[in-house]
Structure formats: C-alpha cells, structure tokens
Amino acid sequence: MYLYRETNTQKTRRFGIDLEIRHANHSYADFKQHLEDKFPFLTVKSDASLRSDESELCFNDSFEAKDNTGVQAWKDILSELESMGCSVSHRCGYHIHWDVQDCTPKAVFNMLAFWYNHSRLIDLALPEVRRGSPVNIRAITRRDMGKLKRVVTHCEDVQDFLRQADRILGHTREIAVNSRFGTIEFRKQQATMRKDIFEMWIKFTQNIVKKAIRRNTYTSLKTENERYMQIEMMATDLDVPNSLGKDWRKVFQYTAGNRTQFKFWTDRATAENTDDIIKNRIKMIQTNIEQKMGW
C-alpha cells in the first residue's frame, strides 16, 4: 500500500486524528475508562458540541503517530469500538492534523489553496451530509485565500504564518490551521468505523500535503466561476480546462498518488451519489482514465 513504501517522501510526517464516536451502550465514564485502560496512549474527552453519548478520541503525547504504526494503532482502536457496539452519526467528524512546522509558509498556503480549488469536487467522494457547509463547518472562501496570499508573501517564518492564518480562518472551517500545535487540519470527512475509508483518508490528505511541499510556485486560485464549472459543467473530456474530467484526474489520480487510491475514491463517489447524471459522468471519467493509463 502506498503509505508504507520507503519511497514515500512523507513517510515519517506526524499526524494526529480527532475521532468523534457515539457510545450509546456505555456511559461517558465507563467508555473513557475502558478505552484509556486498553490504549494508554489514547485520550477520551467530551466536547460542548457533542451529545452526552458521544465522545472525542485522540492520541496523547505519549505516542507519536506516523506511517504504518499510527495507522495500525487506529485500526486496533476501531476494532475495539466495533466490539463495544459503538457507532457514528451524521454529527460525528473525523478530523486529521498534519504536522507542518518544518514546512515553508508557501507550502502551507499551497495546501489551503489546493483544498479551496477542489473542495467542491472532493465533496462528491464524501457522504452527502458532509457536503457544502454542514453544521459547525464553514467553507473556505476566496476572500480568505486573498488574505492568506497577502500574508504569506511577507512571512519568512512558518510559525508566524500559522498564527496569522489561524486568526484569518478560525477553527470552524472545513480546513483549518492550528498554530498552537503547528498543524493543518482537514475537518470535512465524516466519522467512520470502516477501516478502509479511515486509512484511505489518511493517505489522501497526506498526498495533498506532499504535493504542496513539492511545488516550487504558489498554487493559482480558481475563480468562483471556474470552481462552479468544475462541478456543474460535468464535461468528461480529460483535456478540457476546469472540466470535471480534467480536475478529477488531477485530484484523484495525480494527487491521490496511484491506481489504488484513484479506484477507491472513484468508487466511493459512485456509491455516495444518488444522482444518476453525476454517477454516469464519474463512471465515464473512470473509463477514460483507465483506458488512457492502460489499467
């Protein structure tokens, strides 16, 4: 699998996950004690935005999550949650933080800009309840990005940029900056008990980070009209600028990193969409790309 290869240039980059989960069969105190006893590196906490039968799980400072060790630790936790009869609701989120304290301000801006450009397309591969601007998550706007672009061109220190970006975006964006921990946080995915989705989202967001770090120039921002065309135009031609076909390839083949990732997210998009027009266009794009690549 892609994440585990030695050639992965971001193999040792640390990540942190905040997973919100529902434990209707257990009180908060019993749930917390059981999990923290079984996994000493795990912290269970409540939150004002959660119900009494929902809790947030995250690793504490005793464990440094990265690569296959971090992924496997979360798989073990998911197995335990499943055995306890836990579940998720549409309210529950799966937030992943990537450490960016060793990055340049330009690289962090490029992560945010990539998400801004393609968030509506990425939405198609997410559960419908997480699309657009659901409860407590606001979309990142072109005005936000304009402010960040002005800031980043005058920042040499990444921590200074993180502090200013944190103030501009705030915490409740679909993608946010946490200057306290020095991370960029992807907040859009719904919580899940499925290990394949859980792992693939780690890989997908990791590849956005990697792409941004590799880029030498600033990512150009799409206009609102271009972002609109990307989804509503629905052209399946892989060579038409700002078409669904061309950008689908850019996001889920080039950025996601390989054939496995491309197939996974394309299949997820087909499964998550009930609109036959959208599903058929995605299937056509998949066929075009597979033929072009000889897959």
Side-chain angles (χ1 to χ4, degrees), residues 1-3 19 71 74-75 78 82 87-96 114-134 137 139 174-175 186-208 210-211 222 226-295:
M1 289 300 229
Y2 185 80
L3 189 66
L19 177 64
V71 173
W74 275 108
K75 286 185 175 181
L78 291 176
E82 187 176 13
S87 62
V88 297
S89 71
H90 72 278
R91 294 161 39 82
C92 296
Y94 165 22
H95 309 155
I96 179 165
F114 179 90
W115 184 271
Y116 169 79
N117 283 341
H118 302 295
S119 60
R120 294 184 181 181
L121 184 148
I122 294 170
D123 267 3
L124 294 179
L126 299 179
E128 188 173 356
V129 296
R130 304 298 287 188
R131 297 178 197 162
S133 299
I137 296 180
E174 58 190 10
I175 186 169
F186 297 84
R187 296 169 50 84
K188 200 67 184 289
Q189 181 65 266
Q190 185 183 21
T192 180
M193 299 284 286
R194 283 186 51 174
K195 295 185 182 70
D196 57 345
I197 297 175
F198 203 95
E199 180 176 355
M200 284 296 193
W201 189 245
I202 295 173
K203 296 178 180 182
F204 179 66
T205 54
Q206 182 208 46
N207 280 313
I208 293 176
K210 178 166 65 176
K211 181 182 179 72
K222 289 181 177 290
E226 287 171 336
R227 294 174 78 229
Y228 175 81
M229 288 173 60
Q230 178 187 64
I231 302 304
E232 302 299 334
M233 181 176 164
M234 290 297 178
T236 58
D237 193 317
L238 304 183
D239 299 315
V240 175
N242 298 311
S243 68
L244 186 64
K246 187 177 182 68
D247 283 352
W248 196 272
R249 188 177 194 190
K250 183 184 298 182
V251 174
F252 293 117
Q253 181 192 341
Y254 296 157
T255 301
N258 63 7
R259 179 181 178 179
T260 301
Q261 282 268 303
F262 169 76
K263 186 178 188 312
F264 182 86
W265 291 113
T266 301
D267 288 348
R268 287 304 301 157
T270 303
E272 292 291 352
N273 286 277
T274 56
D275 187 317
D276 287 339
I277 294 177
I278 293 177
K279 291 177 71 166
N280 289 336
R281 296 297 171 88
I282 293 173
K283 289 177 181 178
M284 289 174 65
I285 292 168
Q286 182 174 16
T287 298
N288 291 344
I289 291 175
E290 288 176 346
Q291 289 178 346
K292 193 175 187 70
M293 296 301 296
W295 288 344

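Keep in mind the model is a prediction, meaning the values are calculated, not measured.
Contact check for E272 versus R130: no side-chain heavy atoms found under the 4.5 Å cut-off. With contacts defined as side-chain heavy-atom distances shorter than 4.5 Å, the pair Q189/L126 qualifies. Between Q286 and K263 there is a side-chain heavy-atom pair separated by less than 4.5 Å. A 4.5 Å side-chain heavy-atom check between V88 and Y94 finds every atom pair outside the cut-off. Side-chain contact between V240 and K246 is absent, with no heavy-atom pair separated by less than 4.5 Å. At least one side-chain heavy atom of I197 sits less than 4.5 Å from a side-chain heavy atom of F264. Residues T260 and M200 meet the side-chain proximity criterion, which asks for heavy atoms closer than 4.5 Å. Residues M293 and R249 form a side-chain contact, since some pair of their non-hydrogen atoms from C-beta on lies under 4.5 Å apart.
One N or O on the side chain of T205 and one on the backbone of I202 form a donor-acceptor pair closer than 3.5 Å. Remark: side-chain polar atoms of R227 are paired, donor with acceptor, to backbone N or O of Y116 under 3.5 angstrom. Not one N or O on the side chain of K188 forms a donor-acceptor pair closer than 3.5 Å with the backbone of I175. Using modelled atom types, one side-chain atom of T255 and one backbone atom of K250 make a donor-acceptor pair closer than 3.5 Å. For N273 (side chain) and D275 (main-chain N/O), no donor-acceptor pair under 3.5 Å exists by modelled atom type. Of the possible donor and acceptor atoms, none in the side chain of S243 sits under 3.5 Å from a partner among the backbone N and O of D239.
A salt bridge does not link E199 with K195: every distance from a Lys NZ or Arg NE/NH1/NH2 to an Asp or Glu carboxylate oxygen is 4.0 Å or more. Taking a cutoff of 4.0 Å between a charged side-chain nitrogen and a carboxylate oxygen, R120 and D123 do not qualify as a salt bridge.
A distance of 10.0 Å separates CG in D237 from CD1 in I285, rounded to the nearest 0.5 Å. The distance from atom NZ of K222 to atom CG of N242, rounded to the nearest 0.5 Å, is 3.5 Å. Here OG1 of T266 is found 12.0 Å from CZ of R268. Values are rounded to the nearest 0.5 Å. Atoms CD1 and OG1, from I278 and T270 in turn, are 11.0 Å apart once rounded to the nearest 0.5 Å. Remark: N207 CG to Q261 CD distance equals 6.0 Å, nearest 0.5 Å. Rounding to the nearest 0.5 angstrom, the gap separating the CD1 atom in I96 from the CH2 atom in W74 is 10.0 Å.
Shown here for V129 and P134, the closest heavy-atom pair between the two residues is O-CB, 3.5 Å. Here the closest non-hydrogen pair linking R187 and I137 is O-CD1, 3.4 Å. A191 and L19 get closest at one heavy-atom pair: CB-CD1, 3.8 Å. For E174 against G132, the heavy-atom pair with the smallest separation is OE1-O, 4.0 Å. L238 and K292 get closest at one heavy-atom pair: CD1-CD, 3.8 Å.
With I289 as the partner, the side chain to side chain contact (heavy atoms under 4.5 Å, CB included) test is satisfied by one option alone out of M284, Q253, R259: Q253. Between F186 and the choices W115, W201, F204, the ring pair (Phe, Tyr, Trp, His ring centres under 6.0 Å) rule is met once, by W115.
By the ring pair (Phe, Tyr, Trp, His ring centres under 6.0 Å) test, F262 pairs with W295, sequence neighbours left out.
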Q: Might you work through the side chain to side chain contact (heavy atoms under 4.5 Å, CB included) test for V251 and W265, ending with a clear yes or no?
A: CA-CA 10 Å; V251 174; W265 291 113; over 6 Å; no
